[in-house]
Amino acid sequence: MKRIKIADVLKSESFGNEILVKGWVRTKRVSKNVCFIALNDGSTINNLQIVIDVTPEMEELLAKIHTGASLSVLGKTVESAGSGQKVELQCINPEILGQANPDEYPLQPKRHSLEFLREIAHLRFRTNTFSAVFRIRHAMTFAIHKFFNDKGFSNIHTPIITGSDAEGAGEMFQVTTLDIEKMPRTEDGKIDYTQDFFGKMTNLTVSGQLEAELAAMGLSEVYTFGPTFRAENSNTARHLAEFWMIEPEMAFYDINDDMDLAEEMLQYLVKYALENCREDLEFLHKRREEEQKQKPQNERDSMGLIDRLEFVVANEFARVTYTEAIDILKNSNANKKGQFAYPVESWGTDLQSEHERYLVEKHYKKPVILIDYPKEIKAFYMKQNEDGKTVRAMDVLFPQIGEIIGGSQREEDYEKLLNRINEMHIPEKDMWWYLETRKFGTVPHSGFGLGFERLMLFVTGMGNIRDVIPFPRTPKNAEF
RNA sequence: UCCUCCUUAGCUCAGUUGGUUAGAGCACCUGACUGUUAAUCAGGGGGUCCUUGGUUCAAGUCCAAGAGGGGGAGCCA
């Protein structure tokens with residue numbers, strides 16, 4: 001008999017069907033004549049209640065079933081006599097697929113700390129919280145491809161191993177097949193990379209942007225969605241050494257088109273989650289509410305998870321220039337009362353996260369897109385404004401997460417781009433291919449990068465980025 | 001990398017000014033219970049108090065170093 005998923009069983013309106021389900025035991029409750037097992041197969045946050053009549057011959061089998069065991073159950077769907085569910089499965093034939101020794105199995109039918117579950121990341125998929133998070137992660141992955149596909153974008157697979165160290169987005173992981181114990185040297189004592197696999201020094205990519213730009217110069221509208229690697233020693237709840245990034249790159253888009261797309265995409269994705277992940281979001285919403293109750297009144301969120309998501313879908317993002325933002329911050333009461341650890345004084349310095357949070361959470365009380373940053377604090381490829389001081393950069397700032405998107409209109413003028421490359425001491429010879437796109441049929445174009453796990457933080461309301469990726473990679477941690 | 005907090009039973013945590021045999025809830029085992037909802041009730045077993053060194057008559061408790069983890073900051077997505 002073919003197995004039916006628990007999500008489908010719980011949805012069905014008819015009773016009396018003989019069906020086969022398989023899954024893992026969440027809890028077992030035994031009394032004299034009847035035993036209840038909550039079975040979950042990951043197809044939904046909800047469990048199917050299995051009802052087993054306790055007979056002498058059944059007792060031996062029941063004694064082997066504990067939380068975590070895997071079962072195959074043949075049974076008949078019946079209207080539940082209890083109040084917790086509409087349908088349940090009257091067991092005809094239970095079979096244990098795999099036992100879970102309760103003395104060793106670490107998960108119990110109780111609340112575990114996220115820190116503890118992180119240490120058993122191989123088992124945490126079996127918890128309500130993480131199964132909900134990873135179902136949502138899948139839905140967001142799918143929705144991203146759907147969004148771009150429906151708009152006529154092409155997905156581009158940019159290289160994971162890169163020979164260019166000019167991307168400038170951060171420290172890189174080196175890739176080599178050379179024997180680290182005895183590296184080959186040239187006559188002047190430097191490492192001889194001509195003997196390495198690619199004949200040159202290579203690293204894991206920190207961004208697919210430069211390659212995506214090349215593709216956009218022929219396909220018009222493209223996006224990448226792939227893994228990205230940063231060897232920064234970042235120890236925060238918002239950083240990973242290995243994460244996934246979405247990078248659209250569009251020919252003929254100026255900075256305003258770029259912002260429109262970023263805003264439309266974020267609202268589309270959040271709306272998609274609200275419409276397609278309702279039960280999981282409701283579970284996470286309640287979970288968060290309980291968590292908030294533990295906190296002192298003044299640290300609690302003003303909005304629940306679902307309210308916050310609905311708010312983002314319903315409200316336009318604020319669009320503010322860097323210069324306006326500095327004025328707002330400079331004149332804010334927080335600044336005058338010395339509440340910032342880094343007081344806002346002069347134009348030209350980068351904003352601290354406390355400043356970004358103030359703008360988003362206190363001043364505008366909604367997502368903010370900051371544009372026209374000083375060129376000194378931004379990357380070489382960003383389009384220079386006529387004022388000679390700023391570039392057409394845009395950062396999308398979200399409540400509690402901070403920067404979720406960083407993007408810009410790209411500099412399409414060959415001379416201006418080359419000047420900037422030289423000013424910033426980027427090796428020109430490594431960038432010949434990038435520069436040639438400006439030499440031959442250059443067009444105005446724009447793009448941005450969305451940190452997928454940061455989007456996940458916002459959509460799920462989880463507090464730590466390590467809990468929205470199955471196997472987090474952070475400094476001193478590559479377990480599993 | 002910097003600041004700060006934490007580490008006690010399988011899990012979550014309590015442990016008073018340093019003082020006899022280190023506790024609770026959950027989990028596990030035994031028993032009770034006619035349908036439970038993280039079932040309930042009674043009883044039982046379970047400890048390298050993170051590691052090393054020090055202070056002291058006496059250290060889970062005080063001091064130092066180390067390890068692991070959390071929160072904040074920087075870097076960024």
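Proteins come first, then strands; the chains are lettered A, B, ... in the order of their sequence lines, and each starts at number 1. Nothing here was measured: the structure is a model prediction, and the numbers come from that model.
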Residue pair A:Arg410 / A:Ser408, side-chain donor-acceptor N/O under 3.5 Å
yes
Please confirm whether the shortest side-chain N or O distance from A:Asn233 to OP1 or OP2 of B:rU1 is below 4.0 Å.
yes
Which nucleotide wins on minimum distance to the side chain of A:Arg230, given the candidates B:rU36, B:rG74, B:rA77?
B:rA77
Does B:rU12 have OP1 or OP2 sitting under 4.0 Å from an N or O in the side chain of A:Ser113?
yes
In whole angstroms, how far is the P atom of B:rC29 from the CG atom of A:Leu62?
12 Å
Determine the Euclidean distance between corresponding C1' atoms of B:rU8 and B:rA77; express it in Å to zero decimal places.
40 Å
How would you label the contact of A:Gly449 with the nucleic acid (heavy atoms, under 4.0 Å): base, sugar-phosphate, or nothing?
sugar-phosphate
Could you pick out which residue, A:His112 or A:Lys32, lies toward the 5' side of RNA chain B when each is mapped onto its nearest nucleotide?
A:His112
With nearest nucleotide decided by heavy atoms, which residue, A:Phe116 or A:Asp395, maps closer to the 5′ end of RNA chain B?
A:Phe116
A:Ile465 CD1 to B:rA77 P: how many Å, rounded?
12 Å
What string of B, S and - do you get for nucleotides 65-72 of chain B 5' to 3' if you count protein non-hydrogen atoms under 4.0 Å?
-----SSB
What contact category does A:Phe448 fall into here, base, sugar-phosphate, or nothing, at under 4.0 angstrom with non-hydrogen atoms?
nothing
Residue pair A:Tyr381 / A:Glu213, side-chain donor-acceptor N/O under 3.5 Å
no
Distance check, P atoms only: B:rG66 and B:rU56, in whole angstrom units.
24 Å
Write down the distance separating the P atoms in B:rG35 and B:rC41, rounded off to the nearest Å.
15 Å
Distance-only donor-acceptor test, A:Ser31 side-chain atoms vs B:rC33 base atoms, 3.5 Å:
no
Determine the interatomic distance between P on B:rA64 and the same-named atom on B:rG69; round to the nearest Å.
23 Å
Grab the CD-P distance between A:Gln209 and B:rC76 for me, whole Å please.
14 Å
Considering only atom P, compute the distance from B:rG43 to B:rA27 and round it to an integer number of Å.
16 Å
Test: A:Glu411 and A:Lys375 ion pair at under 4.0 Å:
no
Pairing donors with acceptors under 3.5 angstrom, does anything connect the side chains of A:Arg29 and A:Thr27?
yes
Quick one: the dot-bracket string of RNA chain B, using Watson-Crick and G-U wobble pairs with both distances under 3.5 Å, [ ] for crossing pairs and | for bases paired to another strand.
(((((((..((((.....[...)))).(((((.......))))).....(((((..]....))))))))))))....
Categorize A:Glu453 for me: base, sugar-phosphate, or nothing, with a 4.0 angstrom heavy-atom threshold over every strand shown.
nothing
Would you check if the side chain of A:Thr162 reaches a backbone N or O of A:Thr205 as a donor-acceptor pair within less than 3.5 Å?
no
Tell whether A:His239 reaches the base of B:rC76 with its side chain through a donor-acceptor pair below 3.5 angstrom.
yes
If we ignore angles and hydrogens, is there a donor and acceptor under 3.5 Å between the side chains of A:Arg287 and A:Thr129?
yes
Please give the distance between the P atoms of B:rA42 and B:rG25 as a whole number of Å.
9 Å
With a 4.0 Å cut-off on heavy atoms, is A:Ile404 in touch with a base, just the backbone sugar-phosphate, or nothing at all?
sugar-phosphate
Would you mind reading off the distance between A:Glu290 atom CD and B:rU12 atom P, rounded to a whole angstrom?
18 Å
For atom C1', what is the distance between B:rG23 and B:rU61, given to the nearest Å?
15 Å
Looking at every heavy atom in both A:Ala325 and A:Leu370, which two are closest together, and how far apart are they?
CB-CD2, 3.5 Å
For residues 22-67 of chain A, the ring-ring contact (aromatic ring centres under 6.0 Å, His included) pairs (sequence neighbours left out) are none
Could you go over nucleotides 24-27 of chain B and give all protein N or O partners under 3.5 Å, atom names and distances?
unit_1: B:rG25; atom_1: N2; unit_2: A:Lys110; atom_2: NZ; d: 3.0
unit_1: B:rC26; atom_1: O2; unit_2: A:Gln108; atom_2: OE1; d: 3.3
unit_1: B:rA27; atom_1: O4'; unit_2: A:Gln108; atom_2: OE1; d: 3.4

How many whole angstroms separate atom CG of A:Leu351 from atom P of B:rG74?
11 Å
Rounded to the nearest 0.5 Å, the NE2 atom of A:His122 sits from the CD atom of A:Glu479 at a distance of 9.0 Å
Are A:Lys366 and A:Glu316 within salt-bridge range, i.e. N to O under 4.0 Å?
no
Please check if the side chain of A:His355 supplies one atom and the backbone of A:Tyr342 the other of a donor-acceptor pair under 3.5 Å.
yes
Can you tell me the distance, in whole Å, between the CZ atom of A:Phe36 and the C1' atom of B:rA38?
15 Å
Whether A:Asp260 and A:Arg319 form a salt bridge (side-chain N of Lys/Arg under 4.0 Å from carboxylate O of Asp/Glu) is what I want to check.
yes
Tell me every residue that passes side chain to side chain contact (heavy atoms under 4.5 Å, CB included) with A:His157, counting only those two or more places apart in sequence or in another chain.
A:Asn155
Where A:Ile45 and A:Ala132 come nearest, the two heavy atoms and their spacing:
CD1-CB, 3.9 Å
Does A:Arg454 make a side-chain N or O approach to OP1 or OP2 of B:rA77 shorter than 4.0 Å?
no
Using atom CG of A:Leu117 as one end and atom P of B:rG10 as the other, report the distance to the nearest whole Å.
17 Å
Kindly say if A:His66 contacts the phosphate of B:rC29, meaning a side-chain N or O under 4.0 Å from OP1 or OP2.
yes
Ion pair check, A:Asp467 and A:Arg124, cut-off under 4.0 Å:
yes
Lys/Arg N to Asp/Glu carboxylate O, A:Arg278 vs A:Glu282, below 4.0 Å:
yes
Phosphate-side-chain proximity, A:Ser353 and B:rG74, N/O vs OP1/OP2 below 4.0 Å
yes
Of the candidate nucleotides B:rA73, B:rU37, B:rC29, which contains the atom at the shortest distance from the side chain of A:Gln85?
B:rU37
Rounded to whole Å, how long is the line connecting atom CD1 of A:Ile377 with atom C1' of B:rC76?
13 Å
For nucleotides 3-9 of chain B, list the nitrogen or oxygen atoms of the protein found under 3.5 Å from its nitrogen or oxygen atoms, one pair per line.
none

Would you mind classifying the nucleic acid contact of A:Ile246 as base, sugar-phosphate or nothing, using non-hydrogen atoms under 4.0 angstrom?
nothing
Just wondering, do A:Ile136 and A:Met140 contact through their side chains at under 4.5 Å, heavy atoms?
yes
I'd like the P distance from B:rG10 over to B:rG46, given in whole Å.
12 Å
